[in-house]
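In what follows, a structure is listed as structure tokens, so that the remarks can point back to it.
Convention: sequence-line order gives letters A, B, ...; per-chain numbering from 1.
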Number of protein chains: 2
Amino acid sequence: MSAKCILEFDLIPMKKDTLQTIAERTGFSKSTVSRVVSGQGRRYRISEAAISKIQDEIRACGYTPDLIAQGLRTRRTNTVGLTIPSIDNPFFASLSGNIITRLKRCGYNILLSDSMETEENERAAINSFVSRKVDGIIAVPVSKSPSFIEGVSASIPVVLIDRYYENTFLPYVCTDNYAGARRATEYLLSKGYRNIMAIQGVRSSMPNKERVNGFLDAVRLGGTPDAEGFVTGDSFSVENGAREIEAVLSAGRKIDAVFAFSTTILLGVIRSLREHGLRIPDDVAVVSFDDNVFLDYMDPPISRVAQNTDRMGEATVDILMKLMSSSGSGGESGMEDGQMLIMPELIIRGSC
Amino acid sequence: MSAKCILEFDLIPMKKDTLQTIAERTGFSKSTVSRVVSGQGRRYRISEAAISKIQDEIRACGYTPDLIAQGLRTRRTNTVGLTIPSIDNPFFASLSGNIITRLKRCGYNILLSDSMETEENERAAINSFVSRKVDGIIAVPVSKSPSFIEGVSASIPVVLIDRYYENTFLPYVCTDNYAGARRATEYLLSKGYRNIMAIQGVRSSMPNKERVNGFLDAVRLGGTPDAEGFVTGDSFSVENGAREIEAVLSAGRKIDAVFAFSTTILLGVIRSLREHGLRIPDDVAVVSFDDNVFLDYMDPPISRVAQNTDRMGEATVDILMKLMSSSGSGGESGMEDGQMLIMPELIIRGSC
DNA sequence: TGTGGTTGCGCAATCGATTGAGCAAAAGTA
DNA sequence: TACTTTTGCTCAATCGATTGCGCAACCACA
């Protein structure tokens with residue numbers, strides 16, 4: 001009790017040190033102290049004696065620059081804003097973790113916002129990033145149109161990830177969804193499956209469109225004229241997966257394989273198939289999009305198109321760092337090399 | 001191309017507006033504009049005419065206060081620092097999502113740091129929070145000792161979550177790990193299981209210790225004198241789960257139930273049991289700690305002690321808000337009502 | 001002694017917003 | 001008319017760090 005009081009009396013006044021107080025205590029000016037603190041002593045010809053005296057004092061009182069004041073003066077905050085649709089989604093969690101770790105290594109802190117898939121939250125988050133003068137923004141965009149983000153990118157570098165827009169100069173990093181879906185479908189065909197059902201997510205999103213294209217191209221161009229494929233569904237949810245299986249089975253349509261476009265859809269598929277007494281892969285084969293450690297522990301383990309979150313995070317941070325160092329705005333340099341697709345990995349397990 | 005140039009010329013100068021420029025354009029002073037912007041016009045007797053003229057101009061040019069400058073002047077940043085051991089862990093992801101959403105509702109932004117279970121990263125993150133003048137800190141601490149965080153809490157409110165320390169005045173919100181482990185074990189006993197193996201995680205952590213206590217108390221005080229329970233293992237990892245099962249089986253020890261102290265441990269257990277051809281729950285029953293949607297889709301679905309991340313997030317944010325509004329420091333008020341345990345839910349499925 | 005160069009450091013403006021104090025004009029009161 | 005009160009707004013200091021410019025002291029050299 002009394003110990004705590006002493007603690008507070010010790011700490012609260014102690015925290016008051018600033019360039020000014022250190023200057024007074026060492027007998028130098030704020031300017032000199034500032035230059036020593038930022039390690040620019042030699043460059044500004046501060047004497048060795050002065051440097052070490054000031055450094056001693058700094059160490060003694062544990063001084064740390066006020067990053068708010070610094071940010072005001074320098075217009076750099078060493079902060080990056082990150083907005084994602086849902087941190088609960090393991091794919092985004094993995095992506096975020098990767099990005100956060102890499103940016104920390106570069107000396108940046110992260111302002112994180114969860115847009116919960118709404119455009120309103122996304123705009124609010126990005127506006128907040130702008131007002132907070134972040135040095136850069138990484139976004140998994142949920143808005144239909146890129147125009148708002150394009151406007152922001154005129155003054156702050158922006159990199160999109162996972163989702164993107166057609167006809168935009170905004171740099172992005174995405175999985176090659178077309179290639180992933182096509183490869184997985186071709187694998188199913190090569191194993192002899194002929195009636196393949198794909199269950200898609202949000203139809204308007206680019207990744208979903210690309211997956212549909214990859215799936216349909218594989219079926220059409222696969223060289224197996226007896227193959228049939230169809231696409232159904234409309235959201236990345238468990239219910240969507242279950243509902244669509246239900247619909248197909250009760251319509252009596254024949255299927256021997258299902259391609260779920262997300263792990264959530266997959267769960268619905270599994271539930272519904274089980275309820276109908278259908279076994280995987282004997283009655284129906286299953287492939288999914290997205291990776292997750294649990295998929296290896298299902299019975300049977302699930303084959304899947306695994307997005308490489310590690311490389312996606314790496315590429316995103318690389319691009320952003322380049323943009324941030326080259327200029328204040330994302331303008332020119334994004335056009336040439338800022339848009340890239342990461343190849344996903346097809347992981348084969350017992351489900352097909 | 002030329003369109004983009006026009007865009008930039010349009011936007012970059014536009015972003016230059018500040019209280020000063022708006023003051024000049026409307027003919028009032030910075031003070032007056034500031035008061036109107038912050039909605040204090042009436043309180044400071046600004047005339048209706050002036051208010052609406054200024055508001056029109058603000059809307060016209062899309063002015064937004066510079067939060068860095070505001071933070072410097074007011075010493076409030078409307079920002080909370082959050083540090084967790086690993087965003088990849090679904091439990092922490094869920095907790096973070098909850099906290100972020102709630103804090104946003106209260107007008108706070110989040111600086112997120114992933115300490116990757118190292119004390120060094122944790123200290124760096126918290127120091128950065130302090131330098132950035134966050135209004136409060138929420139931490140899932142990984143350090144052995146609370147002293148560093150206690151020091152910080154003298155000047156900034158801190159709330160711990162999930163993990164905590166003995167003999168500290170720091171406020172915390174945790175699952176009642178003792179009660180959760182005890183209830184799950186009692187359930188196993190009630191179903192007739194008599195040789196129960198518990199596989200624990202990091203031994204020094206409080207949650208783990210409490211789970212061990214709850215488990216052992218249930219076995220000892222359960223009123224079933226023929227029951228036997230033992231605890232083994234040393235980390236929250238898949239490998240730990242597999243290794244301990246392996247060891248027990250190859251030692252020929254008889255077990256009819258396993259209590260895994262985390263989902264990762266559970267996965268190792270499942271893998272190892274399968275490799276030995278043992279079936280769940282017929283040969284060995286299984287219960288786990290932590291919730292996850294996948295557990296319902298395993299075969300069989302896994303019984304578990306589900307931590308209530310929703311209530312934990314709610315309680316944490318409530319406590320922090322109270323601390324932040326009551327005073328600058330976390331000092332006194334944390335003692336009485338700042339330490340609370342949240343009861344977990346026992347979810348029964350087919351694994352036991 | 002005068003000129004020029006170097007060394008070592010301080011002055012003061014600046015970033016953009018906030019806020020207590022205060023002032024001029026208008027309105028009210030006696 | 002003189003005095004007080006209210007209205008409506010401005011002034012200027014402040015938060016803490018950065019940085020271009022410049023000055024004094026010292027040395028070298030002729």
Starting at [atom1] of [X] and ending at [atom2] of [N], how long is that distance when rounded to a whole Å?
{"X": "B:Ile68", "N": "D:dT18", "atom1": "CD1", "atom2": "P", "value": "14 Å"}
{"X": "B:Ile51", "N": "D:dG8", "atom1": "CD1", "atom2": "P", "value": "10 Å"}
{"X": "B:Leu19", "N": "D:dC9", "atom1": "CG", "atom2": "C1'", "value": "15 Å"}
{"X": "B:Asp17", "N": "C:dC15", "atom1": "CG", "atom2": "P", "value": "15 Å"}
{"X": "B:Gln20", "N": "C:dT14", "atom1": "CD", "atom2": "P", "value": "11 Å"}
{"X": "B:Ile22", "N": "C:dT18", "atom1": "CD1", "atom2": "P", "value": "11 Å"}
{"X": "A:Asp66", "N": "D:dA17", "atom1": "CG", "atom2": "C1'", "value": "8 Å"}

* Asked: Does A:Thr18 put a side-chain nitrogen or oxygen below 4.0 Å from OP1 or OP2 of D:dG16?
  ->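 It does not, given that no N or O in the side chain of A:Thr18 lies less than 4.0 Å from OP1 or OP2 of D:dG16.
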
* OP1 or OP2 of C:dA17 less than 4.0 angstrom from a side-chain nitrogen or oxygen of B:Thr74, does that happen here? -> no

Is atom [atom1] of [X] surrounded by more than 12 heavy atoms (other residues, nucleotides or ligands) closer than 6.0 Å?
{"X": "B:Glu120", "atom1": "CD", "result": "no"}
{"X": "A:Gln55", "atom1": "CD", "result": "yes"}
{"X": "B:Arg75", "atom1": "CZ", "result": "yes"}

* To do: Can you see which heavy atom on A:Ala23 is nearest to which on A:Ser29, and at what distance?
  => CB-C, 3.7 Å

* To do: Output yes when a side-chain donor or acceptor of B:Ser86 lies under 3.5 Å from a complementary backbone atom of B:Asp88, and no otherwise.
  => yes

* To do: Would you check if the side chain of A:Thr77 reaches a backbone N or O of A:Lys133 as a donor-acceptor pair within less than 3.5 Å?
  => yes

Proximal nucleotide (of [options]) relative to the [X] side chain:
{"X": "B:Arg73", "options": "C:dC15, D:dC15, C:dG10", "answer": "D:dC15"}
{"X": "A:Phe28", "options": "C:dC9, D:dA17, C:dG16", "answer": "C:dC9"}
{"X": "B:Tyr63", "options": "C:dT18, D:dC9, C:dA17", "answer": "C:dA17"}
{"X": "B:Leu72", "options": "C:dT18, D:dG16, C:dA17", "answer": "D:dG16"}

* Kindly determine whether A:Thr79 and A:Asn109 satisfy side-chain hydrogen bond (donor to acceptor under 3.5 Å, both in side chains), including the steps that lead there. => CA-CA 5 Å; A:Thr79 300; A:Asn109 278 67; 5.9 Å; no

* Residue met sooner reading DNA chain D from 5', once B:Thr32 and A:Ser31 are mapped to nucleotides ->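 Whichever sits nearer the 5' end wins; that is B:Thr32.
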
* Relative to the 5' end of DNA chain C, which residue comes earlier, A:Lys30 or B:Gln70, by the nucleotide with the nearest heavy atom? ->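 The residue mapped nearer the 5' terminus is A:Lys30.
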
* **Residues from residues 33-50 of chain A lying under 4.0 Å of DNA chain D - heavy atoms** => A:Ser34, A:Arg35

